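These notes are about the structure you will find just below.
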Amino acid sequence: MKILQLHVDYVEYEPIQVESSVYEEVEKKTYRVDDALLLLVSVEKDDDEGLVGEVVKDSIDFMNRMKINKLVLYPYAHLSTELAPPLKAFNIIKKMKEEASSNNVEVYSAPFGWNKRLVIAVKGHPLAEQLKNYSGRPQSREETVSKALLMEEKLKSYWFILTPEGGMIPVEEFDFTSHRNLEYLTRYEIAKSRAVLEQPPHVQLMRKLKIADYESGSDPGNMRWLPKGRLIKSLLEQYVTSKVIEYGGVEVETPIMYDMHHPSLEKYLHRFPARQYIIRTEDKEYFLRFAACFGQFLMASDMVLSYRHLPFWLYELTRYSFRREKSGELAGLRRLRAFTMPDVHAFVKDIEQAKSEMKKRLKLSLEVLEGVGLTRDDVEMAIRFTREFYEENREFIYELVKSFGKPVLAEMWDERFFYFVLKWEFNFIDGQRKAAALSTDQIDVENARQYNITYVDEDGVEKYPIILHCSPSGAIERVIYALLEKAYFTMEKGGKPMLPVWLSPTQVRLIPIAERHLHDCMNIMAKLEEEQIRVDLDDREETVDKKIMEAESEWIPYIVVFGDKEKEKGELAVRVRETGRIEYMKLEKLIEEVRKHNSGKPFKPLSLPKLLSKRPSFK
RNA sequence: GCCCCGGUAGCUCAGCAGGUAGAGCGGCGGCCUCGUAAGCCGCAGGUCGCGGGUUCAAAUCCCGCCCGGGGCUCCA
């Protein structure tokens with residue numbers, strides 16, 4: 001059955017004369033229906049009544065979305081060359097009318113078997129005109145079946161909530177009362193329903209704090225990182241890298257572009273729906289990597305590995321990975337076209353080794369998140385697996401859930417479509433109630449073969465390892481996005497937003513009361529710098545009030561106002577952001593406090609001039 | 001891709017029943033040497049995104065395009 005579906009301002013038809021052996025009795029006059037869904041219907045040879053339900057349901061769904069309740073059925077033989085005999089067509093259209101009526105739709109039908117004058121006014125929106133094709137039997141070859149549709153079939157998902165106590169509850173039955181964010185994640189994943197708000201909160205913050213901004217001179221989704229943002233990003237990069245190396249990761253660097261027609265890459269590329277940036281040279285085409293996998297796998301396939309080496313880890317932090325997301329998908333730092341992704345692959349012997357490795361990596365990921373300033377209350381875990389994997393490794397899955405310690409959203413597939421049998425991720429739920437994945441890990445049972453990565457086992461036989469793909473933090477830009485969104489939540493609750501001290505571009509701001517205190521402040525600054533503390537000095541000719549106001553708006557954790565009293569007493573007046581109070585302390589105490597926050601974290605100086613009078617402002 | 005919104009000084013934005021530009025912040029200069037969230041005065045900054053049209057006259061109205069953001073969607 002072919003249906004031209006039109007959302008019309010109005011439709012008018014007037015029966016002129018009978019045209020077919022099968023026709024309805026009808027009064028010859030002009031009929032008009034306003035604001036309706038018009039279906040021009042061609043019933044075809046192989047159609048049967050079984051289609052009626054589906055067709056009517058589709059129409060009603062559409063009508064609900066468009067908020068209309070009038071349906072006009074119009075027999076229209078001109079959409080097909082394989083028409084059904086008139087009586088059959090008539091009966092099927094009649095059935096459609098009955099079916100729609102019984103669903104409380106106001107149905108009109110143009111008379112069957114007549115030649116009619118037809119006037120239609122189609123609405124001007126993009127969904128107003130659609131051709132629908134319904135068929136009871138399998139589609140013929142030339143009507144290429146959408147691959148995405150097939151994929152969706154295969155990807156039929158079953159959704160559950162797994163609890164740390166070992167429960168597996170279908171999502172419909174789970175009580176989300178004390179798990180709001182998990183509910184948002186579930187809704188986001190399943191229904192893809194989204195709250196409509198304005199600009200994401202973090203976008204305004206990233207600009208206000210001079211962290212990053214859009215760069216209209218580049219492709220959208222490629223950001224400009226200002227000095228403070230570069231510092232924050234760099235510290236996060238160093239931190240994640242140091243944690244991964246501590247875990248065992250062996251850091252490498254691989255090219256950012258790869259041959260489109262390389263045999264190992266080609267298949268993987270086609271399998272991946274994300275669009276790529278393509279680079280053309282005189283004789284070849286390259287794609288920009290969209291993950292760290294390519295270079296590492298090519299490297300691994302050239303390595304000589306024995307079972308004695310396993311598990312073995314390769315690590316790279318890509319600056320950048322590229323995905324040419326559709327323009328409409330981009331959003332601030334949440335989704336970019338160029339992003340920085342730490343990715344550590346573990347090559348393991350078998351499923352047992354994979355499982356024990358994955359447990360370590362889950363722990364690593366939690367540590368990393370907590371290190372950057374997010375707690376496990378800030379994220380929700382989702383875990384996805386095939387039915388087969390679940391049945392064979394139930395206990396392992398619950399161990400993962402348990403070590404996360406909160407209920408987890410689970411998705412189960414009947415068949416393995418992707419290259420992995422299990423994958424989990426931590427999702428941050430932001431101010432718009434959208435979910436963004438941060439940390440993730442996967443058990444990949446396919447790529448070793450694809451890339452010909454092998455190890456020699458105890459028995460002397462070459463085998464394919466299993467590969468785990470883990471990003472312990474997720475994209476670095478996304479970490480910053482999450483920190484800013486989290487700060488926004490704090491603001492909403494009336495608190496003072498801030499970044500973790502170790503990530504704050506300026507940790508201590510010195511404000512001399514008058515010019516005569518400048519010299520002492522310079523000395524204090526030098527001492528703080530010796531202790532690897534990021535400090536700057538507001539030597540501008542402005543009032544103290546104004547300097548404090550500006551320091552506060554930069555979210556500086558420690559603001560020191562220095563004047564005669566401090567000089568005399570040998571104590572500093574420190575405005576501590578975390579407590580919101582002014583605390584008096586010796587310089588040594590301040591140093592100790594900041595160092596406490598910095599300990600175990602990388603340090604890098606802020607490259608901007610230390611004297612604010614020398615510091616230009618960035619857009 | 002589609003829809004909506006936007007593009008005016010370095011920034012944030014006002015002006016848009018057409019008469020050819022304004023504020024605050026910032027910058028610069030001056031006064032003030034200051035005690036915990038914006039001291040005062042003055043000055044200099046603009047092809048009003050681009051191209052066309054209507055008009056005596058366009059930032060303002062019309063058409064086309066470019067760029068950005070948000071939402072929706074992946075659907076000729």
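Quick caveat, the model's predicted, so the values are computed rather than measured. Letters A, B, ... are given to chains in the order of the sequence lines, protein chains preceding strands, and every chain is numbered from 1.
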Specify whether A/Phe562 and A/His517 have parallel, tilted or perpendicular ring planes, treating 30° as the upper limit for parallel and 60° as the lower limit for perpendicular. perpendicular
Geometric class of the A/Phe287/A/Phe290 ring pair [parallel <30°, tilted 30-60°, perpendicular >60°]: tilted
Got a salt bridge between A/Glu554 and A/Arg509, using NZ or NE/NH1/NH2 to carboxylate O under 4.0 Å? yes
By the 4.0 Å heavy-atom rule, please label A/Val561 as base, sugar-phosphate, or nothing. base
Watson-Crick or G-U wobble partner for B/G18, using a 3.5 Å limit on both distances? none
Return the orientation label for the A/Tyr481 and A/Phe428 ring planes: parallel under 30°, perpendicular over 60°, tilted otherwise. perpendicular
Indicate, with a heavy-atom threshold strictly under 4.0 Å, whether A/Lys565 touches base, sugar-phosphate, or nothing. base
Picking from B/U36, B/G68, B/C34, which would you name as closest to the side chain of A/Ile513? B/C34
Salt bridge or not between A/Asp564 and A/Arg516? Use side-chain N to carboxylate O under 4.0 Å. yes
Once you apply a heavy-atom cut-off of 4.0 Å, does A/Glu215 come out as touching a base, just sugar-phosphate, or nothing? nothing
Reported OG-to-CG distance for the pair A/Ser59 and A/Leu39, which is rounded to 0.5 angstrom: 4.5 Å
Under 4.0 Å between any heavy atoms, over every strand shown, what does A/Ile559 touch: base, sugar-phosphate, or nothing? Just pick one. nothing
Applying a 3.5 Å limit to both distances, which nucleotide forms a Watson-Crick or G-U wobble pair with B/G27? B/C43
Can you tell me whether the base of B/A17 sits syn or anti, using the 90° cut around 0 to define syn? syn
When the ring centroid of A/Tyr419 is compared with that of A/His469, is the distance short of 6.0 Å? yes
Under 4.0 Å, counting only non-hydrogen atoms across every strand here, what does A/Lys496 touch: a base, just sugar-phosphate, or nothing? base
How would you label the contact of A/Ala551 with the nucleic acid (heavy atoms, under 4.0 Å): base, sugar-phosphate, or nothing? nothing
Protein and nucleotides 24-28 of chain B: nitrogen or oxygen contacts under 3.5 angstrom:
{"unit_1": "B/G26", "atom_1": "OP1", "unit_2": "A/Lys546", "atom_2": "NZ", "d": "2.4"}

Any strand is fair game: report the nucleotide pairing with B/U36 by Watson-Crick or G-U wobble, both distances under 3.5 Å, or none. none
Candidate nucleotides B/U12, B/A38, B/U36, ranked by approach to the side chain of A/Met549 - the nearest: B/A38
N-O pairing of A/Arg334 and A/Asp430 below 4.0 Å: yes
Tell me whether B/G45 sits syn or anti, counting syn as a glycosidic angle within 90° of 0. syn
Taking the side chain of A/Lys434 as heavy atoms from C-beta outward, which of B/G71, B/U36, B/U33 is closest to it? B/G71
Separation of A/Ile232 CD1 from A/Leu209 CG (nearest 0.5 Å): 7.5 Å
Under 3.5 Å, N/O pairs linking protein and nucleotides 30-32 of chain B:
{"unit_1": "B/C32", "atom_1": "N4", "unit_2": "A/Glu541", "atom_2": "OE1", "d": "3.1"}

Any strand, both distances under 3.5 Å, Watson-Crick or G-U wobble: B/C61 pairs with B/G53
